[in-house]
Amino acid sequence: MASESVKRDWSIRDFEIGKPLGKGKFGRVYLAREAKSKYIVALKVIFKEQIEKYRLQHQLKREMAIQTSLRHPHVLRLYGWFHDAERIFLILEYAHGGELYGELRRSGHLSEKQAATYIASLTHALAYCHEKHVIHRDIKPENLLLDHEGRLKIADFGWSVQSKNKRHTMCGTLDYLAPEMVENKAHDYAVDNWTLGILCYEFLYGVPPFEADSQADTFRRIMKVDLTFPSTPHVSAEAKVLITQLLVKDSAKRLSLENILKHPWIIMNADPNGTFPK
Ligand SMILES: Cc1nn(C)cc1-c1nc2c(-c3cnn(Cc4ccccc4)c3)c(Cl)cnc2[nH]1
């Protein structure tokens with residue numbers, strides 16, 4: 001597929017469409033197979049009318065440019081794209097293991113080994129993105145997929161930006177947003193470090209740390225960094241230390257991606273291959 005992905009004239013006739021895999025606000029994703037090579041992909045179908053209605057042409061172009069340019073084992077590949085009169089088609093890597101969120105919902109919470117392995121994978125992927133001046137800004141369980149070996153893949157760069165300096169655009173759902181984003185202030189790469197703290201908490205406790213009955217209450221809890229740890233035997237003190245070092249209001253004082261990978265909890269629990277014994 002990689003060599004063919006440079007083909008310039010893909011069309012829907014090149015693919016055999018299978019079952020629907022999921023749906024987002026602007027379209028659906030289908031399992032598909034490239035007819036000649038039989039290569040399995042995920043085909044994301046986006047309706048132009050929807051993109052035009054919400055004036056998201058630039059965001060979609062940015063998502064496509066960014067995800068096409070990224071090559072990392074924990075970032076879902078965008079092999080290519082094509083369009084017809086009504087639709088835009090993104091030819092994406094197929095993640096055989098499905099949504100990480102499903103695993104979290106089924107089990108209620110993850111083990112420390114699973115959580116640490118996913119956090120380490122995310123940290124490696126974000127370090128790669130940040131080196132290429134890309135801030136994802138919308139890391140949340142729904143955007144995390146698993147390959148056939150259970151390795152994490154970041155999908156949906158719909159809210160990412162190419163950035164060499166501070167950004168101002170508000171985006172995403174509140175639970176995963178850093179204080180500077182919910183206040184719609186200038187923000188930079190460190191927003192992704194904050195989100196790693198949110199995700200680490202949610203992997204271990206099954207819910208995000210600032211969840212509340214209303215967006216206003218979530219907003220208030222984020223701004224106060226109203227962080228509490230339910231008493232439970234399956235979460236170690238080291239994990240709580242890492243979360244506390246990431247959920248810091250001053251973005252400059254959040255633990256760096258480099259130091260996350262050196263953290264005792266990650267060293268002790270993360271599987272270096274990005275998988276872990278079931
Ligand atoms: C679900 C599912 N179950 N199994 C066994 C595999 C999968 C699977 N899903 C995907 C998916 C996939 C599907 N939906 N979504 C969510 C979505 C949908 C539309 C717009 C934005 C985001 C992603 C992809 Cl891209 C890429 N690979 C995928 N693999």
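By convention here, the first residue in the shown sequence is residue 1.
No side-chain heavy atom of Ile154 sits under 4.5 Å from any side-chain heavy atom of Asn143. Between Arg77 and Gln67 the shortest side-chain heavy-atom distance does not fall below 4.5 Å. Side-chain contact between Phe203 and Tyr118 is present, with at least one heavy-atom pair separated by less than 4.5 Å. Contact annotation: the side chain of Leu174 approaches that of Val182 to within less than 4.5 Å [non-hydrogen atoms, C-beta and beyond]. Using a 4.5 Å heavy-atom threshold, the side chains of Leu92 and Tyr79 count as separate. Proximity of Ile12 to Ile17: side-chain heavy atoms (C-beta onward) are separated by under 4.5 Å at one or more points. Looking only at side-chain heavy atoms (C-beta outward), Leu199 and Tyr176 come within less than 4.5 Å of each other. At least one side-chain heavy atom of Tyr201 sits under 4.5 Å from a side-chain heavy atom of Leu227.
Distance CD/Glu180 to NZ/Lys185: 9.0 Å, rounded to 0.5 Å. In this structure, NE2 on His263 lies 12.0 Å from CD1 on Ile119, to the nearest 0.5 angstrom. Atom CD of Gln59 sits about 8.0 Å away from atom CD1 of Ile51, to the nearest 0.5 Å. We find the NZ-OH distance between Lys19 and Tyr30 to be 13.5 Å, quoted to the nearest 0.5 Å. Remark: Asn193 CG to Ile260 CD1 distance equals 5.5 Å, nearest 0.5 Å. To the nearest 0.5 Å, atom CG of residue Leu196 and atom CG of residue Leu126 are 5.5 Å apart.
Judged by distance alone, the side chain of Thr275 and the main-chain N or O of Gly150 form no donor-acceptor pair under 3.5 Å. Judged by distance alone, the side chain of Lys249 and the main-chain N or O of Met223 form a donor-acceptor pair under 3.5 Å. Although no hydrogens or angles enter the test, the distance criterion places no donor-acceptor pair under 3.5 Å between the side chain of Asp226 and the main chain of Phe210. Looking at Ser256, its side chain does come within 3.5 Å of a backbone N or O of Asn259 through a donor-acceptor pair. Side chain of His187 to main chain of Pro179: no donor-acceptor pair is present (N/O by atom type, distance under 3.5 Å, no hydrogens or angles). At least one donor-acceptor pair under 3.5 Å links the side chain of Arg254 to the backbone N or O of Val248. When atom types are taken as modelled, the side chain of Thr232 and the backbone of Val235 share no donor-acceptor pair closer than 3.5 angstrom. Not a single donor-acceptor pair under 3.5 Å links the side chain of Glu211 to the backbone N or O of Pro208. Within the 3.5 Å criterion, the main-chain N or O of Leu177 finds a donor-acceptor partner in the side chain of Trp194.
Not counting sequence neighbours, the partners of Ala95 by the side-chain contact (heavy atoms from CB on, under 4.5 Å) test are Leu76, Leu145. Phe82 is linked by a ring pair (Phe, Tyr, Trp, His ring centres under 6.0 Å) to Phe15, Phe89, counting only residues two or more places apart in sequence or in another chain.
The minimum heavy-atom distance between Ala212 and Arg221, with the atom names listed, is CB-CD, 4.4 Å. When all heavy atoms are compared, the tightest approach of Leu246 to Leu255 is CD2-O, 3.7 Å. Of all heavy-atom pairs spanning Lys48 and Arg87, the tightest one is CE-O, 3.8 Å. Ala120 and Ile266 make their closest contact through CB-CG2, 4.2 Å (heavy atoms, listed as atom of the first residue, atom of the second, distance). Nearest heavy-atom pair, His124 versus His72, reported as atom, atom and distance to 0.1 Å: O-NE2, 3.6 Å. For the pair Thr244 and Lys240, the tightest heavy-atom approach, listed with the atom from each and the gap, is OG1-O, 2.7 Å.
A donor atom on one side chain and an acceptor atom on the other are not found under 3.5 Å apart for Asp192 and Thr195. Remark: the Lys153 side chain and the His74 side chain contain no N/O donor-acceptor pair separated by less than 3.5 Å. If you check the side chains of Ser236 and Glu112, you find a donor sitting under 3.5 Å from an acceptor. A donor-acceptor contact closer than 3.5 angstrom links the side chains of Ser37 and Glu34. If you check the side chains of His109 and Glu202, you find no donor sitting under 3.5 Å from an acceptor.
Taking a cutoff of 4.0 Å between a charged side-chain nitrogen and a carboxylate oxygen, Lys53 and Glu49 do not qualify as a salt bridge. A salt bridge links Glu149 to Arg151: at least one charged side-chain nitrogen sits closer than 4.0 Å to a carboxylate oxygen.
Counting Ile, Leu, Val, Met, Phe, Trp and Tyr side chains that sit under 4.5 Å apart, directly or through other members, Leu31 shares a hydrophobic cluster with Leu21, Val29, Ile40, Tyr94.
Between Tyr189 and His133, the ring planes are tilted. Angles from 30° to 60° get that label.
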